[in-house]
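Written below as C-alpha cells is the structure these notes are about.
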Amino acid sequence: AKPRRRRPVAEAKTGRTAHPPSADIPVWPGAVAAAVVALVYLTIASSGTFHFRPSLFPHHVLIADAWLHGQLNVRNEVIEQRNQDFYRRYRAALEQEMADRGEQLTAAQWQRFRSSITPPSAHDWTEVDGKYYGYWGPMVPLLLLPYVAVAGLQASDMLVSCLVGAATVLLTFLMLRRAGTAGLVRVDTRVCVALALLLGLGTVHFYLAVTGQVWFLSEIVATFFLTLSIWLLLHDQAGAAWVAGAGAAFGASLLSRASLVATAPFFYLAMFALWRRRGTSLWQQLIGDAVLFSLPVIAAGLISLGYNYARFGNAFESGAGIQILTGGNPLFREDYLAHGLFSLHYLPRNLYYYFLNPLLRHDGGTGTISFDPWGNSMFLVTPALLYVLRGYRSGDWFNLATWAGAGAALGLLLLYECTGWYQFGNRYLLDLMPLAILLIATGMRGRLTRVGLVLIALGIMVNAWGTY
C-alpha cells in the first residue's frame with residue numbers, strides 16, 4: 001500500500017497548506033516607512049535647514065579626532081578651545097540679559113557664574129592623570145573615523161544619528177518580515193509597517209536619534225547592530241555566513257553598548273528554536289551554528305578588553321566608575337560609592353520610573369509642562385508596549401527566546417544605578433526594544449486592529465511632544 005503523506009498541523013486543521021502571509025510582503029513599504037522617518041529626523045535635527053552641526057555633547061567626534069592624531073585620550077587643546085568658546089558665548093548672553101534689566105555684569109559676578117557651570121565639552125569624561133577618555137565602547141568613534149577625517153571637528157554626530165536611526169527602522173521592518181516568513185511570528189504588510197513606524201516615531205528612539213548626543217548615539221548605533229543581528233540570524237538556513245554575520249553584528253552592538261550582553265540568551269535559545277523547526281536530529285548543526293555565532297562575539301569581547309587595557313592599564317576597567325568620580329554628574333556619586341553600579345538597592349526606584357511614573361514637570365520660570373527627566377512609565381510613552389502582556393505563547397521556543405532576552409536585559413536595567421537621566425522616556429529601553437517589537441507583534445496576533453492603531457498613534461504623538 002502506498003504510504004500516506006503526513007500533513008502539516010495547519011493543513012490538517014484547515015485542509016490547506018499553511019502559507020505565512022509575510023511570504024508575500026514586499027520590501028518597498030518598509031523602505032518608504034524608513035524614508036518618511038528619515039525625513040522627519042533630518043528636518044527636526046537640522047531645525048528645517050538641512051544644515052547639520054555637531055550636537056551639544058559630540059564626544060564621539062572628539063574621540064575619533066584623537067585617534068586620527070594618534071592618541072586614545074581626547075586632545076587637551078581641543079577641550080580647552082571649546083571650553084573658552086562656550087564661556088565667551090555664555091558671558092555675552094549673560095551680559096545682554098543683564099543689560100536688558102539695566103544692570104552690568106561685574107568681574108566678581110562673572111567669576112561666580114563661571115565657577116558654577118561646566119562647559120558641555122568638559123562634561124562626563126573619565127579623567128586619568130589630567131587626560132580625558134571616553135568610557136563608551138569603540139564602535140561609534142570607529143564608524144565616525146572616515147567622516148571626521150574629512151569634516152574634522154565639524155562632523156555632525158546628529159546627522160549620523162539620524163541616518164543610522166532611519167536605517168534601523170528599515171531593519172525592523174525586514175526583521176519582522178523575515179520572522180513572519182520563517183513562521184515564527186504572524187505578521188502582514190500593515191503590521192510590519194506599523195511596527196517599524198512605531199520604533200522610529202513612537203518610542204524613545206525618536207528622541208535619541210534627533211538629539212544625537214554622545215550617550216544617545218551609542219544607543220542608536222547599538223540598536224542598529226542588535227536589530228541587524230536578529231535579522232541575519234533568522235536567515236540561518238541560508239548558510240553559515242548568515243550565522244557568522246549575526247555574531248559579528250551582535251559583537252558590534254556590544255562594542256557600542258556593553259549592556260546589550262544581557263540579550264545574549266535570546267540568540268542561543270533562538271538558534272535552538274530554529275534548529276528544532278528544521279526537524280533535524282543532527283546536534284552537530286546546532287553546535288556548529290553556536291560556534292559560528294560565538295567566535296565574532298568573543299573577538300568583540302577581546303577587542304573591548306584590549307581597548308580598556310590600552311586606556312586604563314586594566315582590561316576590566318571600562319572607565320565608567322572612574323567617570324562618576326572624576327567627570328560625571330554629582331547626582332550619582334553618592335549612590336555609586338555606597339552601592340556600586342549594580343545593586344538591588346536601585347530596584348524600587350527603577351521599577352517606579354520604568355513602569356509607573358505618570359508625573360510631568362512644571363517649569364516655574366516659563367510656565368511650560370515637560371517630561372520627568374528621570375523617566376516616565378514606558379506604557380505612557382509607548383502605549384503599544386501593552387501588547388507585550390499578550391505576547392506569550394506556550395510551547396513556542398522562539399517566543400521563549402524573545403522573552404528570555406528581553407527579560408534579562410530589563411532585569412539588568414532595573415539593577416543599574418541610573419534610569420538614564422537626563423532623558424525623555426526611558427532611553428535604556430532601547431537595549432531590548434527590537435525584542436519588544438517582536439513581542440508586540442506576537443501580542444497583536446498578526447492583525448493591526450483599531451486598538452493597535454490607536455495605541456501606535458498615541459505613542460507617536462507622545463514621542464513627538466517629548467522630542468519637539
Side-chain angles (χ1 to χ4, degrees), residues 31-65 68 78-79 81-97 100 119-121 123 140-141 143-170 196-197 199-221 223-224 363 366 368-371 373 422-425 427 430 459-468:
V32 171
V36 169
V37 171
L39 181 61
V40 172
Y41 284 178
L42 295 171
T43 301
I44 294 176
S46 67
S47 299
T49 66
F50 294 95
H51 293 289
F52 296 91
R53 56 176 176 79
S55 73
L56 191 60
F57 299 92
H59 292 28
H60 288 305
V61 172
L62 303 187
I63 293 170
D65 168 77
L68 290 169
V78 171
I79 294 288
Q81 182 60 56
R82 295 177 73 89
N83 289 351
Q84 293 304 319
D85 291 343
F86 170 81
Y87 284 130
R88 186 170 56 254
R89 292 192 301 269
Y90 190 92
R91 180 168 186 169
L94 187 58
E95 286 176 335
Q96 183 61 53
E97 180 182 338
D100 292 341
S121 295
H123 178 65
V140 180
L143 292 178
L144 288 171
L145 271 180
Y147 184 21
V148 176
V150 174
L153 294 174
Q154 293 307 306
S156 175
D157 46 352
M158 298 175 72
L159 173 60
V160 173
S161 180
C162 290
L163 296 177
V164 174
T168 306
V169 173
L170 176 58
L197 290 173
L199 175 91
L201 300 176
T203 71
V204 292
H205 190 274
F206 188 177
Y207 172 76
L208 302 185
V210 301
T211 307
Q213 298 171 357
V214 53
W215 318 274
F216 304 167
L217 182 54
S218 291
E219 291 168 87
I220 291 296
V221 171
T223 304
F224 168 83
D363 189 321
T366 64
T368 58
I369 301 295
S370 185
F371 52 81
Y422 187 94
Q423 62 182 351
F424 166 68
R427 62 185 176 94
L430 273 195
I460 291 174
M461 288 188 287
V462 169
N463 281 272
W465 169 80
T467 298
Y468 196 74

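Just so it is clear, the values below take in all heavy atoms, side chains as well, and ignore hydrogens, waters and symmetry mates. Here the structure is a predicted model, which means the values were calculated and not measured.
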- Message: salt bridge (Lys or Arg N to Asp or Glu O under 4.0 Å) for R88 and D85? Distances and angles first, verdict last.
- Response: CA-CA 5 Å; R88 186 170 56 254; D85 291 343; 2.5 Å; yes

Rounded at 0.5 Å granularity, tell me how far [atom1] in [X] sits from [atom2] in [Y].
{"X": "T203", "Y": "I460", "atom1": "OG1", "atom2": "CD1", "answer": "10.0 Å"}
{"X": "I44", "Y": "T211", "atom1": "CD1", "atom2": "OG1", "answer": "9.5 Å"}
{"X": "L163", "Y": "F224", "atom1": "CG", "atom2": "CZ", "answer": "11.0 Å"}
{"X": "W215", "Y": "L208", "atom1": "CH2", "atom2": "CG", "answer": "11.5 Å"}
{"X": "L201", "Y": "T467", "atom1": "CG", "atom2": "OG1", "answer": "9.0 Å"}
{"X": "R427", "Y": "S218", "atom1": "CZ", "atom2": "OG", "answer": "9.0 Å"}

Please give me the minimum heavy-atom distance between [X] and [Y], naming the atom from each residue.
{"X": "E219", "Y": "T223", "answer": "O-OG1, 2.8 Å"}
{"X": "H59", "Y": "H123", "answer": "NE2-O, 2.7 Å"}
{"X": "A155", "Y": "V148", "answer": "CB-CG2, 4.0 Å"}
{"X": "A64", "Y": "P141", "answer": "CB-O, 3.7 Å"}
{"X": "Y41", "Y": "A209", "answer": "CE1-CB, 3.6 Å"}
{"X": "V61", "Y": "L144", "answer": "N-CD1, 3.9 Å"}

Flag side-chain contact, heavy atom, 4.5 Å: [X] against [Y]:
{"X": "F52", "Y": "L42", "result": "yes"}
{"X": "V210", "Y": "T43", "result": "no"}
{"X": "H60", "Y": "D157", "result": "no"}
{"X": "S156", "Y": "Y147", "result": "yes"}
{"X": "H205", "Y": "T168", "result": "yes"}
{"X": "L143", "Y": "V160", "result": "no"}

- Apply ring pair (Phe, Tyr, Trp, His ring centres under 6.0 Å) to F57 and F216, showing your working. CA-CA 10 Å; F57 299 92; F216 304 167; 8.9 Å; no

- Message: Over 60° means perpendicular and under 30° means parallel, so tell me whether F371 and Y207 are parallel, tilted or perpendicular.
- Response: perpendicular

- Query: Given S121, which of Q81, R82, Q84 fulfils the side-chain hydrogen bond (donor to acceptor under 3.5 Å, both in side chains) condition?
  - Reply: R82

- Would you say F50 has more than 12 foreign heavy atoms packed within less than 6.0 Å of its CZ? yes

